[in-house]
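Small disclaimer: the values here were computed from a predicted structure and weren't measured. Proteins get letters first, then strands, A, B, ... in listed order; numbering begins at 1 in each.
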2 protein chains.
Amino acid sequence: MQRVRIKDVAREAGVALSTAALALRDDTKLRPETRRLVRDAAARLGYVYDRSAALMRSGKSHTIGLLVCEITNPFYAELTAGVEEALDEAGFVVMLANTSESVARQRRMLERFREQPVDGVLIMPATGTPPGLLEDLERWRLPHATVVRSFRRGAHAGPDNRAGTRLATEHLLALGHRRIAFLGGGARNSVSRERWDGYARAMAKAGLASEHLPCRTDIGEAAALVQALPADGPTALVCFNDSVAFGATLGLLRSGRLPGRDVAVIGFDDIREAAAWFPPLTTIRVSPRGMGQAAARVLLERITQPEGPPRREILAPRLIVRESCGAPLRPKG
Amino acid sequence: MQRVRIKDVAREAGVALSTAALALRDDTKLRPETRRLVRDAAARLGYVYDRSAALMRSGKSHTIGLLVCEITNPFYAELTAGVEEALDEAGFVVMLANTSESVARQRRMLERFREQPVDGVLIMPATGTPPGLLEDLERWRLPHATVVRSFRRGAHAGPDNRAGTRLATEHLLALGHRRIAFLGGGARNSVSRERWDGYARAMAKAGLASEHLPCRTDIGEAAALVQALPADGPTALVCFNDSVAFGATLGLLRSGRLPGRDVAVIGFDDIREAAAWFPPLTTIRVSPRGMGQAAARVLLERITQPEGPPRREILAPRLIVRESCGAPLRPKG
DNA sequence: CGCGGCGAGTGGAACGTTCCATTGTGGAGG
DNA sequence: CCTCCACAATGGAACGTTCCACTCGCCGCG
């Protein structure tokens, strides 16, 4: 009652080992009848392909390592789903590591992946990742791509963050707001910088002053901050992302203000919950799932053509108008 | 500029290949000086361990396959994080597959994992999984464990769902509620059955009639259902889980009722957002992260002791009182 | 003084594929 | 009738570890 190997299938089918191997890969060098014969024998014996042996000989593992900065964040969870979906379609399996924004853990898992070995790695860099990591990846000749957060160079897929917050800010300006603050962000990563930048530039262009309300990306923290905001504070909030925006609406509710009527709130990401929120959240859609798929494609291209230049795919965001900026509010007491 | 192998390290250190291999595993059969010598040589050459070769010879991949029914659900995302954390600590790597509740995809990914090969699989069975899957796993002699949703037998870690909804229902009864409905669930899986069961039994014990408001586990759907509820409907809702409870509070708000004052809402799971919600959600805590860790432990035990009986770890839930059930109802009702 | 046992290190087979070079066969072309 | 080629199938080395059996000194003991 041992495991069934190609050898056993070959014996059962009455052909040579290498013939059986060829047949199982459905190689056209073999006559269809022979392939048939071997397949039937394999099915009869319950043969299971052993990728580890194949990997050892061929050097291709058909496996990629995925480094997620925080999988419990719905946005990254959705992104992970997109990556997994696209890679599965291409016949790849995903090795998962959740770094929880720990640079040390990220480093450790990367080395693990290298041992495994994987054919490439897809990274959402933890906040504070040193540029040395990119250099290591290059030195190791490990095909890699980043998603959302990026390094200065290397394959990448992510949203156009500047365009996103610009869109958001201009929408608020068009609605007549003048005192518009930027809520959240402030972390030392490319996304925070770019989103702030898009907002600040739009404000400058309108001849208005920027105002930063920094907080961590956490519903509770954002809620507390907004709850404490004075009545003569900003009339509109461009939020770092939807989670922060959710916090903002909760904070307004708790202090007796109605989001959308008293203070306009606009998010970023358009995560699944945004449409169902109260009030439904106006936000910038970037489709995390689509970005995950794009990133997977970019990485696969890197793996198959390691010599070509790394591709950077920047996805255009879209403004989704709902009710948190004072569009038709439901008449409600 | 080839990859560095143990052979190369051995040559550099001036020892035999097998000695070098032993040294790299830090085997106590070797003198500390020798181990040192080899380690230094390995570091000098930039040696990277190749797990695939080790796997082939030893049959141990130190890899487990994780089948998640829906990773974009925050509860399962948190659970995934727990699994990954615990397995990493034990030196295992996680292969991820998101089945999106598709039985076909689940089956396909399971066969892929088998080829990989993994040392075991951790499964959150997709809704509608046939019992045949368990039989296949047993026939394949693939160590396995389930989390949250379970089969009739086999290793498992999950919450005591009956006790959870019983706790919730008794809490509402103690607050004076009489007309209590169960919102959500209804899917054909063990969790739905058990949660309904705990609620129904508690109601029966109090001599009251059960009432089922079935809906899918989706904020929007729950919100719409609750919004349409008549004013003389139930005064309290035991929800299938927190997402459904979130939907319920949104539905109440939209129809001009205040959750906690007009209608009591109680959730299940205590996901991260529950505490920050408006109003903060009273719920049943099951700690998805803790459950993920427990499941990982149970599976590892299965892998190291395949002969022993599979362990089933049922975690006691805890009632977390916040504000969504209001202060005790006055006799007025 | 011989023998057993132990510590430290060595040599080589084995794992299950893939890949390459090779064989045998039948038919077309000269 | 021989040569050459394409096709179909075969044989065996190689991948980088692990594992087991083995050697070689050296020490203690009867």
Side-chain angles (χ1 to χ4, degrees), chain A residues 1-42 45-63 91 93 112 114-119, chain B residues 1-42 45-63 91 93 112 114-119:
Chain A
M1 174 80 207
Q2 297 289 1
R3 284 191 73 166
V4 180
R5 310 294 70 188
I6 287 195
K7 190 182 13 174
D8 307 309
V9 175
R11 197 185 308 121
E12 170 85 9
V15 298
L17 188 155
S18 39
T19 307
L22 246 29
L24 290 171
R25 270 178 285 158
D26 219 24
D27 195 302
T28 52
K29 291 205 176 263
L30 259 33
R31 293 211 320 274
E33 306 93 275
T34 311
R35 279 182 262 166
R36 187 82 198 216
L37 191 71
V38 174
R39 292 203 161 272
D40 289 351
L45 296 182
Y47 167 73
V48 178
Y49 180 64
D50 183 337
R51 271 173 201 271
S52 71
L55 158 58
M56 181 165 172
R57 177 70 242 242
S58 71
K60 306 271 110 215
S61 68
H62 284 265
T63 287
V93 171
R112 248 226 179 102
R114 212 176 146 222
E115 292 183 351
Q116 201 67 21
V118 298
D119 288 344
Chain B
M1 176 78 207
Q2 296 289 2
R3 285 191 73 166
V4 180
R5 311 293 69 190
I6 287 194
K7 190 182 12 172
D8 307 310
V9 175
R11 196 185 309 120
E12 170 85 9
V15 298
L17 187 156
S18 41
T19 307
L22 246 30
L24 290 171
R25 270 177 285 158
D26 219 24
D27 195 304
T28 52
K29 293 211 174 256
L30 259 32
R31 294 211 319 275
E33 306 94 276
T34 312
R35 279 183 261 166
R36 187 79 198 221
L37 191 72
V38 174
R39 292 202 162 274
D40 288 351
L45 297 182
Y47 167 72
V48 178
Y49 179 64
D50 183 338
R51 271 173 200 270
S52 70
L55 159 58
M56 181 163 174
R57 175 72 243 245
S58 70
K60 306 271 111 216
S61 69
H62 285 264
T63 288
V93 172
R112 250 230 178 94
R114 199 156 80 104
E115 291 182 352
Q116 201 68 20
V118 298
D119 288 344

*Asks:* Compute the bend angle of the helix from C:dC1-D:dG30 to C:dG30-D:dC1 from the end axes (five pairs per end), rounded to 10°.
*Replies:*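 Helix axis angle between the two ends: 60°.
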*Asks:* Locate the shortest heavy-atom distance separating B:Leu45 from B:Val4; write the atom from each residue and the value.
*Replies:* O-CG2, 3.3 Å
*Asks:* To the nearest angstrom, how far is B:Leu22 atom CG from C:dG11 atom P?
*Replies:*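 The answer, rounded to whole Å, is 14 Å.
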*Asks:* Which atom pair, heavy atoms only, marks the closest approach of A:Ile6 to A:Ala20?
*Replies:*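 In terms of heavy atoms, the two residues are closest at CG2-CB, 3.8 Å.
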*Asks:* Return whichever of A:Val48 or B:Thr34 has its heavy-atom-nearest nucleotide of DNA chain C closer to the 5' end.
*Replies:* B:Thr34
*Asks:* With heavy-atom distances below 4.5 Å as the criterion, would you say the side chains of B:Arg5 and B:Asp50 are in contact?
*Replies:*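 Result yes, sub-4.5 Å side-chain heavy-atom pair found.
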*Asks:* How long is the line joining CZ of B:Arg11 and P of C:dT10, in whole Å?
*Replies:*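 Computing the B:Arg11:CZ to C:dT10:P distance gives 15 Å.
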*Asks:* What integer distance in Å separates B:Arg31:CZ from C:dT10:P?
*Replies:* 10 Å
*Asks:* Assuming nearest nucleotide by heavy-atom distance, tell me which of A:Ser58 and B:Leu17 is located more 5' along DNA chain C.
*Replies:*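 It is B:Leu17, whose closest nucleotide lies nearer the 5' terminus.
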*Asks:* Flag the pair B:Leu55 / A:Met56 as yes when at least one side-chain heavy-atom distance between them is below 4.5 Å, and no otherwise.
*Replies:* no
*Asks:* Would you mind reading off the distance between B:Lys29 atom NZ and C:dT10 atom C1', rounded to a whole angstrom?
*Replies:*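 From B:Lys29 NZ to C:dT10 C1': 14 Å.
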*Asks:* Salt-bridge test for B:Asp8 and B:Arg11: reply yes if a basic N is under 4.0 Å from a carboxylate O, no otherwise.
*Replies:* yes
*Asks:* Looking only at heavy atoms, which two atoms of B:Val118 and B:Gln116 are closest? And how far apart?
*Replies:*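 In terms of heavy atoms, the two residues are closest at N-CB, 4.0 Å.
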*Asks:* I'd like to know if the side chain of B:Arg35 and the backbone of B:Leu24 have a donor-acceptor N/O pair within less than 3.5 Å.
*Replies:* no
*Asks:* Relative to the 5' end of DNA chain D, which residue comes earlier, B:Met56 or A:Thr28, by the nucleotide with the nearest heavy atom?
*Replies:* A:Thr28
*Asks:* Does B:Val93 reach the side chain of B:His62, with side-chain heavy atoms less than 4.5 Å apart?
*Replies:* no
*Asks:* Which part of the nucleic acid does B:Ala54 contact within heavy-atom distance under 4.0 Å: base, sugar-phosphate only, or nothing?
*Replies:* sugar-phosphate
*Asks:* Is there a side-chain contact between B:Ser18 and the phosphate of C:dG11, meaning an N or O under 4.0 Å from OP1 or OP2?
*Replies:*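 B:Ser18 to C:dG11 OP1/OP2: no side-chain N or O under 4.0 Å.
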*Asks:* First contact, last contact: which nucleotides of DNA chain D are these for chain B, 5' to 3', heavy-atom distance under 4.0 Å?
*Replies:* D:dG16 to D:dC19
*Asks:* Looking only at non-hydrogen atoms, find the nearest pair between B:Ser61 and B:Asp119 and report the distance.
*Replies:*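 Scanning both residues, the minimum pair turns out to be N-OD1, 3.0 Å.
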*Asks:* Rounding to a whole Å, what distance do you find between B:Leu37:CG and C:dG9:P?
*Replies:* 10 Å
*Asks:* So what does B:Ala53 hit on the nucleic acid, given a heavy-atom distance under 4.0 Å: a base, only sugar-phosphate, or nothing?
*Replies:*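 If one applies the 4.0 Å heavy-atom cut-off, B:Ala53 turns out to touch a base.
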